[in-house]
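See structure below.
Only a predicted model underlies this, so the values are computations on that prediction, with no experimental measurement involved. Values reported hereafter were calculated over all heavy atoms of this structure, with side chains retained and with hydrogens, waters and symmetry mates removed. Residue numbers begin at 1 in each chain, while the letters A, B, ... track the order of the sequences.
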Amino acid sequence: MERRWTNQEIAQIFENIADMLEIQGEIPYKVMAYRRAAENIAALGRDIYDLWQEGALRTIPGVGEAIEEKIDQLLRTGRLELYERLKSEIPQSLLEMRQIPDMGPKRIKAVWEKLGITTVEELEEAARAGKLRNLPGFGAKLESKILAGIEAVKRRKIAGRVPLGVAWPLAQEILSALQEVPGVHRLAAAGSFRRMKDTIGDLDFLVAAEDPEAVMERFTTLPIVETVLLKGSTKSSVRLRTGLQADLRVIEAARWGTALQYFTGSQQHNIQLREHALKRGYSLSEYALTRVETEKEILCATEEEVYTRLGLAYIPPELREGRGEIEAALEGRLPRLIEIEDLQGDLQVHSTWSDGQASIREMARAAKAKGYRYILLTDHSQSLGVAKGLTPERLWEQRREIEAVNAELGDGFRVLHGAEVEIRADGSLDYPDEVLAALDLVVASVHTGLRQDRERVTARFLAAIRHPYVHIIAHPTGRLLGEREGADADWEAILRAAAETGTLLEINANPARLDLPDILARRALELGCKLVISTDAHSPGEFDLIHFGVAVARRAWATPEDIANTWPLERLLAWAKEKPRRLRRA
DNA sequence: CGGGCTAACCCGGTTTACTGCATAGTAAA
């Protein structure tokens with residue numbers, strides 16, 4: 001094996017293969033097959049190498065004989081013949097043209113074959129010289145559109161997606177501004193924002209209003225708008241100062257349900273839902289549900305109506321990713337998803353004793369005011385110098401303050417004494433066992449050496465998970481959205497070990513992390529892990545970030561029972577006390 | 001190319017809008 005590929009890299013290779021086959025004019029079903037395989041590999045909760053070794057690649061939807069063989073070749077030899085051949089036949093610079101609006105595979109093929117154009121620069125030159133309009137299927141107008149498209153791609157400040165936490169305040173600001181416009185009946189943000197995906201491509205707003213023009217006017221003149229890309233009577237498009245694009249669409253109130261459903265997506269979900277509709281004799285569009293035989297339109301004012309008329313339970317937006325939710329809704333086995341109100345406490349909280357902004361008292365009061373029954377105080381351990389990590393001596397001093405705060409706040413609320421203990425580079429923990437044993441609950445995490453090789457990182461996590469006094473693994477992958485990839489580790493082995501030992505895995509609610517990521521969280525639940533949702537709050541205001549973590553858990557199909565901080569405190573502590581016994585059994 | 005089917009095979013991922021051209025390519029959820 002020359003190198004190890006991630007699921008994402010392999011998915012990307014099959015994406016590229018699909019693009020190149022498409023440019024070559026391959027039959028659409030073959031292209032689609034590679035795209036479908038790529039999507040399913042990217043959404044796989046487990047390491048593709050494990051499936052490979054088990055001979056179970058064919059269990060991935062969309063992977064049959066031919067693609068199995070190609071994955072095998074890639075993992076075995078580090079190379080893929082088909083991919084190498086296509087790359088030698090098709091200039092890679094052609095693939096960049098796909099970003100240009102109105103340039104699809106057919107047109108890319110045309111300019112390449114007829115004019116020998118292989119780069120965006122050459123395309124721009126040819127367009128300026130008026131050479132495109134002579135091609136069959138091209139015209140002067142399309143030529144200028146392509147030119148404008150190239151300009152737009154060049155000017156675009158942020159090409160990629162932004163973390164949900166960045167999009168969130170922008171969307172809230174826009175929603176509250178539009179809500180103020182008189183005559184607004186309904187208003188919603190749709191798209192990946194509504195599905196609470198960890199990153200957002202653009203913002204989509206829908207509105208039903210008496211005076212749509214006034215809403216459009218307000219939308220396009222908001223202070224956070226940098227440029228108005230388009231302003232019409234039913235749709236406006238703007239670029240925000242952050243580079244994010246936002247669209248606003250006007251919807252008839254009577255058609256609100258089908259429109260909101262459509263614009264919420266995901267694309268995969270919509271395709272599957274429409275297929276399902278066809279099977280039941282309906283055609284579904286953003287405008288209506290139409291009986292195919294009679295062509296009679298049924299207008300749906302609510303999303304609930306859309307799903308109900310199709311014989312489905314209502315599918316919450318977080319589940320709409322085309323990952324089995326329609327089948328589950330049909331069979332009435334959608335999970336009762338966790339909600340914020342189910343949570344009884346927060347299991348990662350910092351104070352000024354280490355790098356927090358507020359005292360234990362302030363944090364405890366804020367948590368109590370939110371209706372929580374408990375918080376686990378988890379200041380950093382000694383070796384994390386940058387965060388003022390606590391020595392054991394300081395930890396004992398801290399205990400006295402915790403006791404005082406507990407006495408002050410009285411029954412019905414408790415500050416638990418814990419710590420966020422470093423898992424050191426060699427897998428040992430940053431406090432001796434007798435110190436760990438004296439804490440109510442121990443959270444362990446990796447902050448350094450995330451770039452270690454796979455075997456070492458995995459071994460560190462496994463050591464921590466098999467430790468008798470480690471109860472929770474915090475922000476497991478260590479990723480920082482848009483900044484840093486998570487650790488490369490054998491997650492399947494780690495999740496299995498966590499399930500076996502009853503070690504809880506954290507969904508860190510901080511929108512910069514959202515870690516565990518939704519896909520790994522779902523796999524963890526499949527393997528029988530229990531999870532916790534924690535904010536990692538360093539100030540009282542950060543307790544409010546919890547909804548981001550709840551969203552990740554919902555996207556992982558988590559029920560309240562799956563999340564240990566919905567449990568009563570006694571159950572949680574009993575679960576932790578069981579760990580040494582569980583280890584002996586394992 | 002995948003998958004369901006009864007086979008050495010055939011059908012298949014939705015719906016709508018727009019453009020610019022006359023039948024189809026592209027984009028969007």
Side-chain angles (χ1 to χ4, degrees), chain A residues 14 17-18 21-23 25-41 57-71 82 97-111 132-133 135-146 148-149 152 188-195 197 200-206 230 232 234-235 237 245 247 249 251 255 258-280 282-290 292 295 297 303 306 310 317 320-322 326:
Chain A
F14 285 125
I17 288 175
L21 290 176
E22 202 170 28
I23 291 171
E26 223 353 309
I27 58 163
Y29 292 115
K30 189 189 279 195
V31 173
M32 204 168 75
Y34 279 101
R35 291 241 160 83
R36 183 149 178 261
E39 276 166 18
N40 286 310
I41 291 167
L57 288 174
R58 297 277 279 268
T59 62
I60 304 170
V63 175
E65 194 185 347
I67 295 184
E68 177 188 42
E69 200 281 316
K70 285 174 182 71
I71 297 172
L82 169 70
M97 284 186 203
R98 289 179 47 89
Q99 294 171 43
I100 303 166
D102 301 307
M103 282 301 289
K106 300 281 194 306
R107 286 172 185 158
I108 292 175
K109 186 169 193 266
V111 297
L132 294 185
R133 67 185 68 181
L135 291 174
F138 287 66
K141 199 150 182 182
L142 180 61
E143 188 178 70
S144 59
K145 273 180 72 178
I146 289 171
S192 52
F193 178 82
R194 181 156 181 251
R195 302 199 310 278
K197 214 168 133 70
I200 305 295
D202 57 18
L203 288 170
D204 265 307
F205 299 94
L206 307 186
L230 187 144
T234 61
K235 178 183 168 179
S237 235
Q245 184 173 322
D247 298 339
R249 289 180 169 83
I251 306 295
R255 301 179 192 267
T258 41
L260 181 60
Q261 193 290 314
Y262 171 69
F263 285 110
T264 297
S266 66
Q267 182 178 12
Q268 295 309 313
H269 176 84
N270 286 358
I271 288 169
Q272 291 177 13
L273 188 65
R274 287 171 178 201
E275 280 172 354
H276 169 80
L278 283 177
K279 280 189 208 139
R280 298 181 70 103
Y282 293 101
S283 168
L284 173 63
S285 79
E286 53 267 51
Y287 301 105
L289 201 56
T290 309
V292 175
E295 295 190 356
E297 270 196 340
E303 274 189 329
V306 178
L310 293 173
R320 300 183 197 169
E321 295 292 344
I326 290 174

With rounding to whole Å, what would you report as the distance between dA8(B) and dG4(B) at their C1' atoms? 14 Å
Just N and O in the side chain of Ser266(A): are any of them under 4.0 Å from OP1 or OP2 of dA29(B)? no
Holding to ring pair (Phe, Tyr, Trp, His ring centres under 6.0 Å), I want the full list of residues that pass it with Phe205(A), two or more places apart in sequence or in another chain. none
Atom CG of Asn270(A) and atom C1' of dA29(B): how far apart are they, to the nearest Å? 5 Å
Length of the NZ-P vector between Lys235(A) and dA17(B), whole Å: 13 Å
Provide, to the nearest angstrom, the distance between the CD atom belonging to Gln261(A) and the P atom belonging to dA28(B). 18 Å
Minimal heavy-atom distance between Val292(A) and Leu278(A), with the atoms involved, is CG2-CD2, 4.5 Å
When rounded to whole Å, the CZ to P distance for the pair Arg194(A) and dA29(B) reads 15 Å
Interatomic distance where CG belongs to Leu132(A) and P belongs to dC21(B) [whole Å]: 13 Å
Just the table, please: protein N/O against nucleotides 24-27 of chain B N/O, every pair under 3.5 Å.
{"residue": "dT26(B)", "atom": "OP1", "partner": "Gly104(A)", "partner atom": "N", "Å": "3.1"}
{"residue": "dT26(B)", "atom": "OP1", "partner": "Gly104(A)", "partner atom": "O", "Å": "3.2"}
{"residue": "dT26(B)", "atom": "OP1", "partner": "Lys106(A)", "partner atom": "N", "Å": "3.3"}
{"residue": "dT26(B)", "atom": "OP1", "partner": "Arg107(A)", "partner atom": "N", "Å": "3.0"}
{"residue": "dA27(B)", "atom": "OP1", "partner": "Asp102(A)", "partner atom": "N", "Å": "3.3"}

Represent DNA chain B in dot-bracket notation, 5' to 3'. Only Watson-Crick or G-U wobble pairs with both distances under 3.5 Å count; pseudoknot-style crossings use [ ] and interstrand partners use |. ((((....)))).((((((....))))))
Using atom C1' in both nucleotides, what's the gap between dC1(B) and dG13(B) to the nearest angstrom? 14 Å
Which pairs, protein N/O on one side and nucleotides 11-13 of chain B N/O on the other, fall under 3.5 Å?
{"residue": "dG13(B)", "atom": "O5'", "partner": "Glu275(A)", "partner atom": "OE2", "Å": "3.2"}
{"residue": "dG13(B)", "atom": "O3'", "partner": "Glu275(A)", "partner atom": "OE2", "Å": "3.4"}
{"residue": "dG13(B)", "atom": "N1", "partner": "Gln268(A)", "partner atom": "OE1", "Å": "3.1"}
{"residue": "dG13(B)", "atom": "N2", "partner": "Gln268(A)", "partner atom": "OE1", "Å": "2.2"}

Tell me which pairs pass salt bridge (Lys or Arg N to Asp or Glu O under 4.0 Å) where either residue lies in residues 264-279 of chain A, with sequence neighbours left out. Arg274(A)-Glu286(A)
Nearest-angstrom distance, P atom, dT26(B) to dG20(B): 14 Å
Qualifying residues under salt bridge (charged side-chain N to carboxylate O under 4.0 Å, His left out), relative to Lys30(A), sequence neighbours excluded: Glu26(A)
From the candidates dG20(B), dA29(B), dC1(B), the one with an atom nearest any side-chain atom of Tyr34(A) is dC1(B)
Asn40(A) CG to dG3(B) P, straight-line distance once rounded to whole Å: 9 Å
When you compare dT23(B) with dC18(B), how far apart are their C1' atoms, in angstrom units rounded to a whole number? 15 Å
